[in-house]
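Only one structure is covered here, and it is reproduced in the block below.
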Amino acid sequence: MQRIGVFVCHCGSNIAATVDVKKVAEMTLLEPGVVHAEDYQYMCSEAGQEKIIAAIKEKNLTGVVVCSCSPRMHETTFRKAAEKAGLNPYMVEIANIREHCSWIHKDMEEATEKAVILARAAIAKVNLNAPLKPGESRVTKRALIIGGGIAGIQTALDIADAGYEVDIVEKEPSIGGRMSQLDKTFPTLDCSACILTPKMVEASAHEKIHIHTYSEVEKVSGFVGDFTVDIRKKARYVDMDKCTGCGVCQEKCPSKKAASEFNRGLNTRSAIYTPFAQAIPNVPVIDTENCIKFKTGKCGVCSKVCQAGAIDYTQKDEIITEKYGAIVVATGFDTIKLDNYDEYAYNQSKDVITSLELERIMNAAGPTKGHLERLSDGKAPKEMVFVQCVGSRCSDDRGKPYCSKICCMYTAKHAMLIRDKYPDVNVTVFYIDVRTPGKNFDEFYRRAVEQYGVNYIKGQVGKVIPQPNGKLLVQGSDLLDNKQILKEADMVVLATAIEPNPGVRKIATMLTASIDTNNFLTEAHAKLRPVESPTAGIFLSGVCQGPKDIPETVAQAGAAAVKAIGLLAKDKLMTNPCTAQSDELLCNGCSTCANVCPYGAITYEERQVNDHGIRETRRLAVVNSALCQGCGACTVACPSGAMDLQGFSNRQILAEVDAICQ
Amino acid sequence: MYKIAKENLSALFRLIAESQELYLPVRTAEQVNFGVWREDAEVDLDTLKSVKSPKDAFFPQSENLYTCIKEGKKIQIEPEALKEQKFVVFGMKACDVQGVQVLDKVFLADPVDTFYAARRDHGTIVAMACHEPEESCFCKVFGIDCAEPAADVATWMVEGNLYWKSLTEKGEALTKDVESLLESADDADEKKVEDEKAAIRSIVEKLPYSNLSLEGWNGDALSEKFDSPLWEELYKPCLACGTCTFVCPTCQCYDIKDYNTGHGVKRYRCWDSCMYSDFTMMAHGNNRTSQMQRYRQRFMHKLVYFPANNDGMYSCVGCGRCVEKCPASLNIVKVIKAFQKQGGDK
Amino acid sequence: MSIEAKEEFRPKIVAFCCNWCSYAGADLAGSSRLGYPADVKIIRVPCSCRVNPMFILRAFEKGADGVIMCGCHPGDCHYSTGNYYARRRMTLLFSMLDYIGVENGRTRVEWVSAAEGVKFSTTMNEFVEKIRSLGKNVRLEDLRCRK
Amino acid sequence: MQEVINRAKELLADGTVARVLGWKAGDLPYNPEPAYFESVESLEDFVYNGFCGANLSKYMIEASKLEGKTMVCLKPCDTYSFNQLIKEHRVDRDKAYIVGVGCKGKLDIEKIRKQGVKGIESIKGAEITDEADNLTIQTLYGEKTCSYADAMLERCHVCKGKEHKIYDEIIGESKDTKDADRFTEVARIEAMSPEEKFAFFQKELSKCIRCNACRNVCPACSCRKCVFDSNKFDSAQKANVDSFEEKMFHIIRAFHVAGRCTDCGECSRVCPQGIPLHLFNRKFIKDINEFYGDFQAGEDTEARGPLTDFTFDDVEPGIVGERG
């Protein structure tokens with residue numbers, strides 16, 4: 001039998017105003033095992049904790065129940081206090097009589113009665129608690145960054161500068177990400193490549209940073225401080241060590257009809273290619289789907305022209321396995337597919353483009369060498385219409401419910417750049433709202449309107465109709481003037497919603513990092529822990545967490561780096577002792593538990609057991625408590641009840657149920 | 001002897017039930033078991049064997065012994081009241097009546113089981129002769145005459161009439177209570193009953209198990225039977241369920257358990273089966289660790305230990321329920337035969 | 001229904017809440033002072049997948065009139081997949097209870113995130129109302145537990 | 001039958017197997033028992049007829065622990081159970097030599113008795129080789145006949161098919177005896193009002209004597225120690241209290257075997273009180289099929305069970321109320 005002390009907190013008047021705390025203390029004294037009960041103004045205060053410590057010592061308490069605020073607030077506080085008094089911290093349970101009682105009920109009698117029941121449940125549970133001891137696990141001093149865009153690069157640089165090894169895994173043949181596709185950046189209009197490329201070079205040259213491009217994370221196991229990750233390095237068919245990056249192979253490659261991913265499919269590239277001139281590493285890859293050698297077995301031109309002898313058609317995908325202490329997700333975004341938006345005629349007309357495509361058109365290295373022209377006939381446009389919120393802030397399931405955040409600013413940028421370079425082009429922007437909070441942002445937008453004469457119309461575009469004369473008829477509404485607008489345009493640019501990179505869900509599942517319905521990774525706390533995933537050891541950098549622009553991304557990248565560094569700086573971590581355990585005499589060895597374990601924490605071994613005199617070798621489940629995170633999925637899957645969860649055992653939970661229902 | 005027309009039986013039951021509880025074979029969801037008579041109960045006197053024996057009229061499958069009521073840190077104990085009202089069990093067969101005799105040996109011996117004793121004191125047994133015995137019956141092997149059940153009242157169902165003969169004081173008292181519905185039987189009726197008895201006995205002679213020999217099964221056969229290697233073979237198909245035990249009219253083992261009601265504890269006893277792995281489980285474990293031992297226990301108890309302690313009385317009455325119900329088709333007859341065969345082979 | 005009759009029946013309701021989302025959602029309901037009837041008592045579990053059908057049946061056996069389970073929204077599970085298993089388990093269990101004639105409003109699953117204090121409170125208000133309309137659980141309780 | 005015996009003799013003689021698991025003739029016309037045969041001579045008691053309903057898969061759990069291989073006779077429906085047991089690592093495939101025995105539907109003595117047959121002396125037509133459509137039953141009270149189909153176990157009317165899902169060799173012909181839909185009864189109950197449903201199950205379960213025959217015979221209930229026998233959940237109860245207990249037992253039992261139950265029908269076959277226990281298991285099977293796609297446990301040894309699997313867009317538990 002336990003000797004339990006109950007401590008009822010007034011929380012000033014937060015609890016005491018609606019709950020008769022004295023009565024709660026008095027009533028709990030009648031419960032089995034309770035040998036001490038008292039109430040106090042603020043249990044979490046130094047003096048309150050002293051009371052707990054004193055009672056533990058004086059009355060030889062073996063269990064403590066604190067009736068107070070949510071365990072999410074002060075469970076740790078009270079556990080530490082108990083530990084100071086020499087009691088195992090896991091012998092403390094909290095009855096939440098504030099958030100779950102005093103704050104939501106008005107009637108004192110009712111609230112007091114409920115508080116007593118909640119206390120009774122906690123007492124019933126403590127009666128079955130057993131001391132638990134957290135384990136220790138080591139920290140591998142190496143970080144993995146998934147994604148080599150500006151977010152990943154910045155995080156990598158910051159962690160590497162602190163002295164830790166960092167690996168970047170990027171699925172494309174080069175790092176650089178979306179930012180490398182941009183022409184200019186708002187609100188300063190400096191050249192994107194000019195500010196990104198030095199960072200790329202810095203990362204590739206950093207002795208602590210190891211870049212795996214054309215690679216993907218294949219498998220993740222382990223837990224905070226000790227992840228094991230398999231990385232698939234896709235075969236490039238070009239020897240990274242031998243290639244000099246001369247580019248002759250790309251020039252001579254006879255297959256040049258593959259759509260250029262980097263240029264958003266607006267032009268083509270060769271089958272052996274680097275995505276862009278400043279690619280890092282500057283080593284091409286062979287796209288086997290378009291390579292004649294791979295398709296027909298004939299050709300081999302690249303191999304013939306390569307002076308360095310770097311071409312190797314026999315290369316195979318390679319899996320490398322590495323251990324990491326921390327993982328940063330920086331998987332970025334893509335624009336949504338516009339298949340659900342037939343009204344904008346994106347799939348019908350080449351002159352309806354997305355803003356990201358416009359970036360490529362405006363870029364000197366882009367498909368039109370930086371000339372603004374219609375992709376259908378190469379003519380210079382005279383009328384351009386920009387449509388905002390295409391798929392953003394959408395109330396039905398065609399698009400996204402959220403604001404993509406960056407579109408207002410880049411559209412202002414585009415409008416301004418066009419009006420600056422081609423003053424004869426009329427630019428009209430249809431918008432729902434113009435949202436430009438941020439340093440120098442609104443000023444930027446006002447410049448577009450006031451200085452560059454961009455025509456902003458509050459209203460939505462209902463339809464874009466390609467005309468026989470090659471023009472586009474835009475049907476829109478002007479809400480301020482309350483009239484319908486019909487406008488003939490040469491080009492229509494859609495501010496397409498952004499969404500997290502589609503591959504992120506798979507990665508989140510591998511990392512057991514939680515993800516929301518929009519596929520943005522969830523942060524541990526929306527306000528107080530915005531760069532950490534609720535899954536320990538996983539950090540979030542950039543748009544994978546939510547829409548943001550470049551400065552925000554860079555800031556968050558740094559913050560994620562600091563959090564990762566904080567983890568890597570530790571030598572050891574305490575592990576959660578509330579893990580599953582299997583009773584070997586009840587285990588059937590049926591593998592059902594292992595089938596539902598998200599952490600691969602359950603393995604099986606053949607072992608000799610002595611079951612009340614019957615000695616036999618049995619197949620038994622074994623929980624690796626370092627891997628187990630204590631979700632309890634296995635405990636319910638197990639039909640015999642062999643699998644149980646420490647700290648939330650079957651009997652403990654049933655005792656709570658009984659106490660509440662009595 | 002009295003008689004009552006079959007169609008008047010419900011009036012008889014109603015009359016009995018006016019003054020006391022009446023248990024009798026009732027069909028519920030296609031199965032016949034003894035239950036309390038109610039106006040809407042589907043009484044079934046044609047089915048020879050109820051699934052469960054009627055022993056739970058005297059020894060219920062589950063019965064409360066006492067209740068602990070918790071108030072604060074005080075505990076109050078309320079013993080369960082003993083049976084105080086009279087009741088009638090109607091339609092028991094000779095084997096089941098003998099089953100009660102077996103239970104008497106256990107529960108009425110010192111120390112007397114007061115719960116059982118109170119039920120026995122208040123219960124009147126109206127037995128019925130077995131109109132058409134079945135192939136699983138072997139009561140004759142134990143000297144039971146199913147044509148003439150020895151209870152408080154014996155009855156026969158012949159050609160649309162129930163014939164009624166009280167055999168004890170309790171039987172007389174009950175007869176008096178229901179006299180208004182009974183007619184006196186005449187000589188012709190007596191003759192009919194005698195003919196029925198003869199018919200029953202002649203069928204019994206033809207039953208496949210009637211000539212089963214119990215030779216070698218007695219209180220002195222302990223070590224010979226206990227150590228036989230045959231058990232190792234016999235138990236193998238056993239699924240370790242409690243079907244045989246729970247349908248048996250003589251099995252008397254029970255477990256005592258506590259049920260937490262939230263505001264106290266109810267201590268109750270309930271039937272237990274020696275076939276169960278947790279039977280007589282103690283802190284150190286179980287004293288029978290294998291199913292072979294448990295299986296052996298059941299038959300050793302019925303055919304050796306019980307007679308050893310009860311002047312040769314077997315605690316099997318040949319009702320044949322286990323023969324019909326065992327999921328693996330095992331039964332006491334097969335055990336007896338297996339030993340016989342082995343003896344013959346020697 | 002008259003006020004007196006309402007006071008007569010005070011349902012017992014057990015709410016299993018996962019630690020990461022729903023328990024926090026209940027905390028948020030509390031700190032936002034979004035009230036719901038005191039009949040609801042919350043039991044904290046690490047994840048909705050920790051909720052064994054036995055717990056739910058046990059609650060009914062001991063006299064609960066309604067049992068509700070709350071977990072993270074599908075896709076948001078802290079343990080990534082726990083609530084998916086819980087969802088299947090509860091769907092089947094509830095279907096079975098319905099099948100044996102237990103009024104299906106007595107059980108409910110609701111996904112409540114840490115940010116959904118309002119939803120938590122609304123859900124609990126609705127659920128209590130539903131249970132009040134169904135009345136006492138007499139089909140699954142063990143009569144021995146009655147006072 | 002003789003073919004099976006001959007083969008068993010060969011396998012025993014050449015040392016392929018150390019024992020044969022089959023059925024031994026009973027002492028009444030209808031009660032053969034599962035039995036092990038370790039010698040060629042002992043096989044003279046071997047029998048395989050219409051009353052050999054017992055699913056021997058479960059016995060293979062213990063047989064897998066013995067030295068050497070066991071030749072086990074499995075009917076088509078039994079092989080599903082065997083597969084499921086392989087999946088759960090409860091039997092050792094390498095320890096079994098599976099002879100798939102032919103089956104043309106198994107008989108239920110209770111169904112014969114229900115037709116008013118008593119005092120049975122002999123039954124003709126139950127042999128596996130018999131082609132007769134009727135059983136001829138000699139009783140102490142005269143000769144009776146009864147159609148084979150009317151005497152078949154409930155499960156045979158919803159036969160899963162004549163195909164053995166796993167075997168080393170097949171001896172004898174099988175027949176698909178399906179003449180009813182297995183979900184008809186479940187659907188009938190589903191359509192009842194809550195009051196009727198409750199009354200139906202209350203009536204059936206009030207007969208339960210907690211003998212555990214359903215559990216102990218069930219190949220899916222292969223736990224070394226059942227939760228209802230252990231103190232892990234404070235659920236060890238033997239009482240037969242006419243309120244909640246049996247419901248708890250049967251619901252949890254059905255839940256524990258949900259997605260694992262092959263619908264072999266053994267539970268209903270052995271229930272001494274004739275409780276249609278398969279109605280619980282089939283309810284789960286029906287729901288699983290409707291909610292998560294058709295699934296047959298024991299179809300193979302690999303497929304992930306429906307309760308250890310999920311999809312992102314599974315139905316919500318609220319569907320139960322919505323279906324009305």
Side-chain angles (χ1 to χ4, degrees), chain B residues 28-31 33 35 46-48 51-52 56 60-63 132-137 203 206-209 233 236-247 254-255 257 259-260 268-273 275-278 281 291 321 323-331 333-334 337, chain D residues 21 23-24 26-36 38 51 54 58-59 62 109-110 113-114 116 118-121 139-141 200 203-207 209-217 224-226 229-230 234 236-242 245 266 269-276:
Chain B
T28 310
E30 299 182 35
Q31 301 292 324
N33 284 284
D46 299 329
T47 299
L48 186 73
V51 179
K52 271 204 292 186
D56 51 4
Q61 177 151 17
S62 163
E63 81 183 305
E132 287 182 331
E134 294 178 8
E135 73 282 0
S136 56
C137 298
I203 289 287
K206 291 189 226 160
L207 294 175
Y209 289 160
E233 290 308 309
K236 275 190 180 148
C238 176
L239 295 168
C241 74
T243 305
C244 50
T245 312
F246 290 173
V247 298
Y254 58 82
D255 195 3
K257 293 195 156 263
Y259 181 79
N260 179 359
Y268 64 97
R269 70 168 167 197
C270 55
W271 296 353
D272 202 350
S273 171
M275 293 291 166
Y276 287 169
S277 57
D278 60 346
M281 176 79 96
Q291 195 56 29
R321 286 188 177 88
V323 175
E324 291 186 9
K325 295 295 182 186
C326 175
S329 300
L330 304 181
N331 58 60
V333 178
K334 283 185 175 176
K337 285 181 175 173
Chain D
L21 176 54
W23 296 268
K24 189 165 97 179
D27 58 351
L28 293 172
Y30 53 79
N31 69 349
E33 65 186 68
Y36 291 97
E38 292 185 347
F51 289 102
K58 194 174 188 183
Y59 288 97
E62 285 305 310
I109 187 64
E110 293 297 330
R113 288 205 181 102
K114 267 210 183 100
K118 47 179 149 179
I120 298 167
E121 292 177 296
T139 81
L140 292 165
Y141 308 104
F200 175 82
K203 200 170 180 185
E204 287 293 348
L205 292 182
S206 69
K207 296 184 295 183
I209 54 174
R210 286 299 296 276
C211 67
N212 294 322
C214 51
R215 178 191 80 186
N216 291 13
V217 80
R224 291 198 165 88
K225 199 172 186 63
C226 175
D229 286 349
S230 84
D234 297 327
Q237 299 281 349
K238 290 172 187 147
N240 168 250
V241 176
D242 198 10
E245 277 229 10
E266 285 285 88
R269 178 181 71 87
V270 303
C271 179
Q273 291 279 27
I275 301 170

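Small disclaimer: the values here were computed from a predicted structure and weren't measured. Below, chains carry the letters A, B, ... as their sequence lines are ordered, and counting in each starts from 1.
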message: Counting only non-hydrogen atoms closer than 4.5 Å, does B:Ser329 touch chain D with its backbone (N, CA, C, O), its side chain (CB onward), both, or neither?
response: both
Under 4.5 Å from any heavy atom of chain D - which part of B:Thr28: both
Region of B:Glu132 that comes under 4.5 Å of a non-hydrogen atom in chain D: both
- prompt: Would you call B:Leu207 and D:Leu140 a side-chain contact if the rule is heavy atoms closer than 4.5 Å?
  reply: yes
task: Can you tell which part of D:Glu266 gets under 4.5 Å to a heavy atom of chain B, answering side chain, backbone, both or neither?
output: neither
Considering all heavy atoms, the nearest B:Ala29-D:Glu204 contact: CB-OE2, 3.5 Å
- prompt: Of all of B:Lys334, B:Lys206, B:Lys337, which one pairs up most often with chain D through heavy atoms under 4.5 Å apart?
  reply: B:Lys334
Part of D:Lys24 within contact of chain B (heavy atom distance under 4.5 Å): neither
- prompt: Which region of B:Pro133, side chain (C-beta onward) or backbone (N, CA, C, O), has a non-hydrogen atom less than 4.5 Å from a non-hydrogen atom of chain D, or is it both or neither?
  reply: both
message: Heavy-atom cut-off 4.5 Å, strictly under: side chain, backbone, both or neither for B:Lys257 against chain D?
response: side chain
task: Kindly give the heavy-atom pair with the smallest separation between D:Tyr30 and B:Glu135, and that separation in Å.
output: OH-OE2, 2.5 Å
- prompt: With only heavy atoms counted, which part of D:Lys58 is less than 4.5 Å from chain B, the side chain, the backbone, both or neither?
  reply: neither
statement: Taken to the nearest 0.5 Å, the spacing of D:Arg210 CZ from B:Phe246 CZ works out to 9.0 Å
- request: Could you grab the distance from atom NZ of B:Lys325 to atom CD1 of D:Ile109, nearest 0.5 Å is fine?
  value: 11.0 Å
- line: Distance col, row D:Asn216:CG vs B:Met275:CE, nearest 0.5 angstrom, shows 11.5 Å
Note, B:Pro208 side chain near D:Leu28 side chain (heavy atom, < 4.5 Å): yes
field: Region of B:Tyr276 that comes under 4.5 Å of a non-hydrogen atom in chain D
entry: side chain
- prompt: Got more than 12 heavy atoms from elsewhere within 6.0 Å of NZ, D:Lys203?
  reply: no
field: Engaged part of D:Arg113 at the chain B interface, taking heavy atoms whose separation is under 4.5 Å
entry: side chain
message: At a heavy-atom distance under 4.5 Å, which candidate from D:Phe51, D:Trp23, D:Tyr36, D:Tyr141 has the highest pair count against chain B?
response: D:Tyr141
B:Cys270 versus chain D, the contacting section by heavy-atom distance below 4.5 Å: side chain
- request: Look up atom CG in D:Asp27 and atom OG in B:Ser136, then write down how far apart they are to the nearest 0.5 Å.
  value: 10.5 Å
Under 4.5 Å from a heavy atom of chain B, the part of D:Ala213 involved: both
query: Can you name the nearest heavy-atom pair linking B:Cys241 to D:Cys211, along with the distance?
result: CB-O, 3.4 Å
statement: Of all heavy-atom pairs linking D:Pro34 and B:Pro237, the shortest is O-CG, 2.9 Å
Side-chain (B:Glu134) to main-chain (D:Lys118) donor-acceptor, under 3.5 angstrom: no
query: Do B:Thr243 and D:Val270 come within less than 4.5 Å of each other through their side chains, counting heavy atoms only?
result: no
statement: Rounded to the nearest 0.5 Å, the CD atom of D:Gln273 sits from the NZ atom of B:Lys52 at a distance of 7.0 Å
- line: With chain D, the option among B:Lys236, B:Arg321, B:Arg269 that has the most non-hydrogen atom pairs under 4.5 Å is B:Lys236
Within 6.0 angstrom of D:Glu38 CD, more than 12 heavy atoms from elsewhere: yes
- prompt: Of all heavy-atom pairs between D:Ile209 and B:Gln61, which one has the smallest distance, and what is that distance?
  reply: O-NE2, 2.9 Å
- prompt: With a 4.5 angstrom heavy-atom cut-off, which part of B:Asp46 approaches chain D: side chain, backbone, both or neither?
  reply: backbone
